[in-house]
Engineer: 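What follows is a single structure, and I will ask about it in a moment.
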Amino acid sequence: MGRMYDLIILEPMSSEIGLRAAEHVYEFLRKDIRWAVAGRDIAEMGECVDGLKGMEEVEGRSIPAIEVCASTKEDIQALVRKTKVIINMLDVGDGRGEIVVEACAGNGTHYLDPASDIHWLGGMIRKYHDVAKENKSIILSHVGVESTPQDLLAFCAVLELKNKLNLATKEVVCAINDYS
C-alpha cells in the first residue's frame with residue numbers, strides 16, 4: 001500500500017512536546033523521510049515549518065509538508081490514509097484522540113501519542129485492539145515521560161518474576177482504583 005508520507009505529526013503546535021517532536025524528526029531521522037505536520041490552523045503549521053527552517057541547517061534534511069485537517073472523522077480518516085505513522089499531539093481526552101485511534105486502527109496506520117490518561121488508554125485497548133491487530137496497525141500510547149514510572153514498574157515486575165521464580169510473563173495488566 002503506497003502512502004504519501006512516512007510520518008505525520010498531528011497538531012505539533014498544541015504543546016511544547018509536539019514542537020520538540022517535529023524538531024527531533026527534522027534533526028535526527030533519516031534524511032529522505034517523507035513527512036508532514038497537520039492541523040486545523042494553517043498559520044500554526046506554517047509557524048512550525050518556519051521554526052524548523054530557522055534551525056541550524058542540516059545537510060539534505062527534508063522540510064515537512066503542511067496538511068490542513070479539521071478534527072472531523074472524515075478529515076482524520078483521509079489524513080491517516082496518507083501516512084504510515086501518525087504522532088498525535090491532540091488532547092486525547094476531548095474525543096478527538098479516539099477519532100484518530102479509530103482511524104489508525106482501521107486503516108493500518110501506526111499510532112503514537114504522549115498521553116498520560118490510563119483510563120482513556122484502557123478504553124482504547126478494549127475498543128480497538130482487535131481491529132488494529134487485524135489491520136496490522138501498532139497503537140502506542142503513553143510514549144511520553146509521564147508514563148515512565150509505570151513502564152519501569154512493569155519491566156521490573158517481569159524481571160523479578162523471571163529471575164526469582166523462573167516465570168515467563170505473557171501480559172502485564174495495570175489497574176488504577178479511585179478511592180475518593
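Computation of the quantities below employed the complete heavy-atom set of this structure, encompassing side-chain atoms and omitting hydrogens, waters and symmetry-equivalent molecules.
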Engineer: Quick check: closest heavy atoms across Cys48 and Pro12, and the distance to 0.1 Å?
Structural biologist: SG-CG, 3.9 Å
Engineer: Provide the closest heavy-atom pair for Ala38 versus Leu79 in the form atom of the first, atom of the second, distance.
Structural biologist: CB-CD2, 3.8 Å
Engineer: Could you tell me which non-hydrogen atom of Gly18 sits nearest to which non-hydrogen atom of Met89, and how far apart they are?
Structural biologist: CA-CE, 3.1 Å
Engineer: Among all residues two or more places apart in sequence or in another chain, which pass the salt bridge (charged side-chain N to carboxylate O under 4.0 Å, His left out) test with Glu74?
Structural biologist: none
Engineer: Checking Arg81 side chain against Ala103 main chain: does a donor-acceptor pair fall under 3.5 Å?
Structural biologist: no
Engineer: Tell me whether Glu102 is salt-bridged to Lys127, with the criterion being a basic N under 4.0 Å from an acidic carboxylate O.
Structural biologist: no
Engineer: With no hydrogens and no angle check, is any side-chain donor or acceptor of Glu27 less than 3.5 Å from a backbone partner on Ala22?
Structural biologist: no
Engineer: Under a 3.5 Å distance rule, please check whether His110 uses its side chain to pair with a backbone N or O of Ile138 as donor and acceptor.
Structural biologist: yes
Engineer: Determine whether a donor-acceptor pair (N or O, by modelled atom type, separation under 3.5 Å) exists between the side chain of Ser141 and the backbone of Leu121.
Structural biologist: no
Engineer: Output the rest of the hydrophobic cluster of Phe28: all Ile, Leu, Val, Met, Phe, Trp and Tyr residues reachable through side-chain heavy-atom contacts under 4.5 Å, sorted by chain and number.
Structural biologist: none
Engineer: For the side-chain contact (heavy atoms from CB on, under 4.5 Å) test, which of Val80, Val37, Ile86 pairs with Leu10?
Structural biologist: Ile86
Engineer: Around Ile17, counting heavy atoms of other residues, nucleotides and ligands shown, do more than 12 lie under 6.0 Å from its CD1?
Structural biologist: no
Engineer: Do Phe155 and Val143 land in one hydrophobic cluster if side-chain heavy atoms of ILVMFWY residues count as linked below 4.5 Å?
Structural biologist: no
Engineer: Could you tell me the separation between the CG atom of Leu19 and the OG atom of Ser14, rounded to the nearest 0.5 Å?
Structural biologist: 10.0 Å
Engineer: Would one find more than 12 heavy atoms of other residues, nucleotides or ligands at under 6.0 Å from atom CG of Asp50?
Structural biologist: yes
Engineer: Check the pair Met4, Thr83 against side chain to side chain contact (heavy atoms under 4.5 Å, CB included), reporting the backbone distance first and the verdict last.
Structural biologist: CA-CA 6 Å; Met4 184 182 301; Thr83 189; over 6 Å; no
Engineer: Please check if the side chain of Asn135 supplies one atom and the backbone of Val131 the other of a donor-acceptor pair under 3.5 Å.
Structural biologist: yes
Engineer: Using a 6.0 Å cut-off, check whether atom CG of Leu159 has over 12 heavy atoms from anything other than its own residue.
Structural biologist: yes
Engineer: Do Arg30 and Asp6 sit within salt-bridge range, that is, some charged N less than 4.0 Å from a carboxylate O?
Structural biologist: yes
Engineer: Indicate yes or no: at least one non-hydrogen side-chain atom of Glu11 is less than 4.5 angstrom from one of Glu44.
Structural biologist: yes
Engineer: Out of Asp113, Thr109, Ile139, Asn88, which residue meets the side-chain contact (heavy atoms from CB on, under 4.5 Å) rule with Val100?
Structural biologist: Asn88
Engineer: Pair Ile33, Tyr5 - check side chain to side chain contact (heavy atoms under 4.5 Å, CB included), show working.
Structural biologist: CA-CA 8 Å; Ile33 190 167; Tyr5 302 111; over 6 Å; no
Engineer: Output the distance between atom CZ (Arg40) and atom CG (Asp75), rounded to the nearest 0.5 Å.
Structural biologist: 11.0 Å
Engineer: Which atom pair, heavy atoms only, marks the closest approach of Ile76 to Ala70?
Structural biologist: CD1-O, 3.9 Å
Engineer: Quick one, Ile8 with Trp35, criterion side chain to side chain contact (heavy atoms under 4.5 Å, CB included). Give me CA distance, side-chain angles, the key distance, then yes/no.
Structural biologist: CA-CA 6 Å; Ile8 292 177; Trp35 67 302; over 6 Å; no
Engineer: So do the side chains of Leu7 and Lys84 get within less than 4.5 Å of each other, counting heavy atoms only?
Structural biologist: no
Engineer: To the nearest 0.5 Å, what is the distance between CE (Met55) and NZ (Lys53)?
Structural biologist: 14.0 Å
Engineer: Does Ile9 form a side chain to side chain contact (heavy atoms under 4.5 Å, CB included) with Val25? I'd like the steps, not just the answer.
Structural biologist: CA-CA 10 Å; Ile9 301 176; Val25 169; 4.1 Å; yes
Engineer: Side chains of Glu67 and Met45: closer than 4.5 Å at any heavy-atom pair?
Structural biologist: no
Engineer: Membership question, hydrophobic clusters at under 4.5 Å side-chain separation (ILVMFWY): are Leu153 and Leu161 in the same one?
Structural biologist: no
Engineer: When rounded to the nearest 0.5 angstrom, what is the spacing between CG in Asp32 and CZ in Arg34?
Structural biologist: 8.5 Å
Engineer: State whether the side chain of Ser71 and the backbone N or O of Arg96 hold a donor-acceptor pair below 3.5 Å, judged by distance alone.
Structural biologist: no
Engineer: Closest heavy-atom contact between Gly97 and Trp120?
Structural biologist: C-CZ2, 3.8 Å
